[in-house]
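This report refers to the structure that appears directly beneath it.
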Amino acid sequence: MTLPLVAGVDGSDGSLRAVDWAVAEAARHDVPLRLVYASLWERYEGGVPAVGAERPSERVLAEHIVASAADRAARREPDVKVTTDILPEDAVDTLLREGDNACALVVGSRGRGEIKGLLLGSVGLAVAGRAHCPVIVVRGDKAGLAGTHERILLGAGAPDTGGEAARFAFREATARGCALDVVRAWRRPMPAEESARDPERQASDMLDTLLREPMAEYPDVRVRSVPIEGPAHRVLLHRSAAADLVVLGAGRRRGHRGLQLGRVGHALLHHADCPVAVVPQKA
């Protein structure tokens, strides 16, 4: 059975952008799209007038939000099969559970009720940090959201935390017919530090190791890999301005639940100029 792409919806502007991105992604990969609304009803109490005991006002609001999102998706990509669900549960817990039976989760950068000026909503951050499947946070400028750069950017991690991310990036480049930029940032050691090997050479060797298998599996993808000196979060943020999607790997913390996003992941999720995919490494 083909796993669906799952998108969280809540009626916010960020959610609508996520729906637009998700239905285009579902069409590219020929998978169904599942739209999920999840909320503890009291959060929006008083949002719309009550209409009777059988259908509380919060349920009416949810039905309207989901129906509008489904109609929006159908108008953009009529051939994508779209299903919906409404669950009176915590949004983070629901999306994490949905992710166990999804090819990926898609969320907006901010939801309804988020604090004004917040760069990334709490739901998006929690889901990106804990899901067992890839999570795409839809954010960025007009060009990045529209996918006009025809370029995927992979922030290359170590093979033990970045292998799944690399395969995901190659699949995306294949589906889009676009180029793939792979970047490994490196730092020059301080004068007092001893280094047995050249750090740039180490970064280049790590790129070779990480890319060997996916390049063999996807020989038609145009790949440009390069080690770049500088802080990884700054390097990737700068290059996200010319990408349609940034892909990052995430490994599990020892002794902790969830994933290790780290400084790079947080920086990209809050500031990237295009959508960001966080791909967990399988245990």
- Item | Hphob cluster co-occupancy, Trp186 + Leu211, side-chain heavy atoms under 4.5 angstrom | no
- So do Ile228 and Arg184 actually touch side chain to side chain, heavy atoms under 4.5 Å? no
- Examine distances only and state if a side-chain atom of Arg151 and a backbone atom of Ala243 form a donor-acceptor pair shorter than 3.5 Å. no
- Query: With a 4.5 Å limit on heavy-atom distance, are the side chains of Asp93 and Arg130 in contact?
  - Reply: yes
- Message: Measuring only between side-chain heavy atoms, which start at C-beta, is Val36 closer than 4.5 Å to Thr84?
- Response: no
- Task: Would you mind reporting whether Leu207 and Val182 have side-chain heavy atoms less than 4.5 Å apart?
- Result: yes
- How many angstroms lie between OG1 in Thr148 and CG in Asp141, if you round to the nearest 0.5 Å? 8.0 Å
- Message: So which atom in Pro275 and which in Ile136 form the shortest heavy-atom distance, rounded to 0.1 Å?
- Response: CB-CG2, 4.1 Å
- Side-chain donor/acceptor of Arg17 to backbone N/O of Arg139, under 3.5 Å: no
- Item | Met215 vs Phe170 side-chain heavy atoms within contact, under 4.5 Å | yes
- Task: Might you work through the side-chain contact (heavy atoms from CB on, under 4.5 Å) test for Leu87 and Arg97, ending with a clear yes or no?
- Result: CA-CA 12 Å; Leu87 299 167; Arg97 187 176 65 248; 3.9 Å; yes
- Query: Judged by atom type as modelled, is there a donor-acceptor pair below 3.5 Å linking the side chain of Arg28 to the main-chain atoms of Arg176?
  - Reply: no
- Query: Are side-chain heavy atoms of Val31 and Leu3 found at a separation under 4.5 Å?
  - Reply: no
- Count the heavy atoms belonging to other residues, nucleotides or ligands that lie under 6.0 Å from CD of Glu213, then report whether that count exceeds 12. no
- Task: Consider only side-chain N and O atoms of Arg171 and Thr174, and report whether a donor and an acceptor are under 3.5 Å apart.
- Result: no
- Rounded to the nearest 0.5 Å, how far does CG of Leu145 lie from CG of Leu245? 11.0 Å
- Query: Would you find a donor on one side and an acceptor on the other, under 3.5 Å apart, between the side chain of His238 and the backbone of Arg234?
  - Reply: no
- Note on the structure: Given the options Leu105, Leu33, Thr94, Asn101, Val6 meets side-chain contact (heavy atoms from CB on, under 4.5 Å) only with Leu105
- Check whether any side-chain N or O of Ser204 sits under 3.5 Å from a backbone N or O of Glu200 as a donor-acceptor pair, and report yes or no. no
- When clusters are formed by joining ILVMFWY residues with side-chain heavy atoms under 4.5 Å apart, either directly or through shared neighbours, do Met206 and Phe168 land in the same one? no
- Item | Common cluster, Val66/Val82, ILVMFWY with side-chain heavy-atom separation under 4.5 Å | yes
- Message: Please determine whether the number of non-hydrogen atoms from other residues, nucleotides or ligands lying under 6.0 Å from atom CG of Asp30 exceeds 12.
- Response: no
- Item | Side-chain ion pair, Glu98 and Arg34, N-O less than 4.0 Å | yes
- Can you tell if the side chain of Arg187 reaches within under 4.5 Å of the side chain of Pro231, non-hydrogen atoms only? yes
- With rounding to the nearest 0.5 Å, note down the distance linking CG in Asp100 to NE2 in His132. 5.5 Å
- Please check if any side-chain donor atom of Gln281 sits under 3.5 Å from a side-chain acceptor atom of Thr161, or the reverse. no
- Closest non-hydrogen atom pair between Pro280 and Glu164, with its separation: O-CB, 3.6 Å
- Note on the structure: Between Ile65 and Gly11 the two heavy atoms that sit nearest each other are CG2-N, 3.4 Å
- Query: Among the clusters formed by ILVMFWY side chains lying less than 4.5 Å apart, do Tyr218 and Leu180 turn up in the same one?
  - Reply: yes
- In terms of heavy-atom contacts, Ala158 and Leu210 come closest through O-CD1, 4.5 Å
- OG of Ser225 to CG of Asp181, rounded to nearest 0.5 Å, is 9.5 Å
- Spacing of OH belonging to Tyr37 relative to CZ belonging to Arg59, to within rounding of 0.5 Å: 10.0 Å
- Query: When rounded to the nearest 0.5 angstrom, what is the spacing between CG in Asp244 and CG in Leu153?
  - Reply: 10.5 Å
- Message: Tell me whether Ser240 contacts the main-chain N or O of Leu237 through its side chain, where contact means a donor paired with an acceptor under 3.5 Å.
- Response: yes
- Note on the structure: Closest non-hydrogen contact found for Gly265 with Leu248 is CA-CD1, 3.8 Å
- Compare every heavy atom of Ala267 with every heavy atom of His233, then report the nearest pair and how far apart it is. CB-CB, 3.8 Å
- Task: Measure the shortest side-chain to side-chain distance between Val246 and Cys274 over non-hydrogen atoms and say whether it is less than 4.5 angstrom.
- Result: yes
- Task: Determine, for Asp205 against Arg201, whether the closest basic-nitrogen to carboxylate-oxygen distance falls under 4.0 angstrom.
- Result: yes
- So, Arg75 and Asp71, do they make that salt bridge, N to O below 4.0 Å? yes
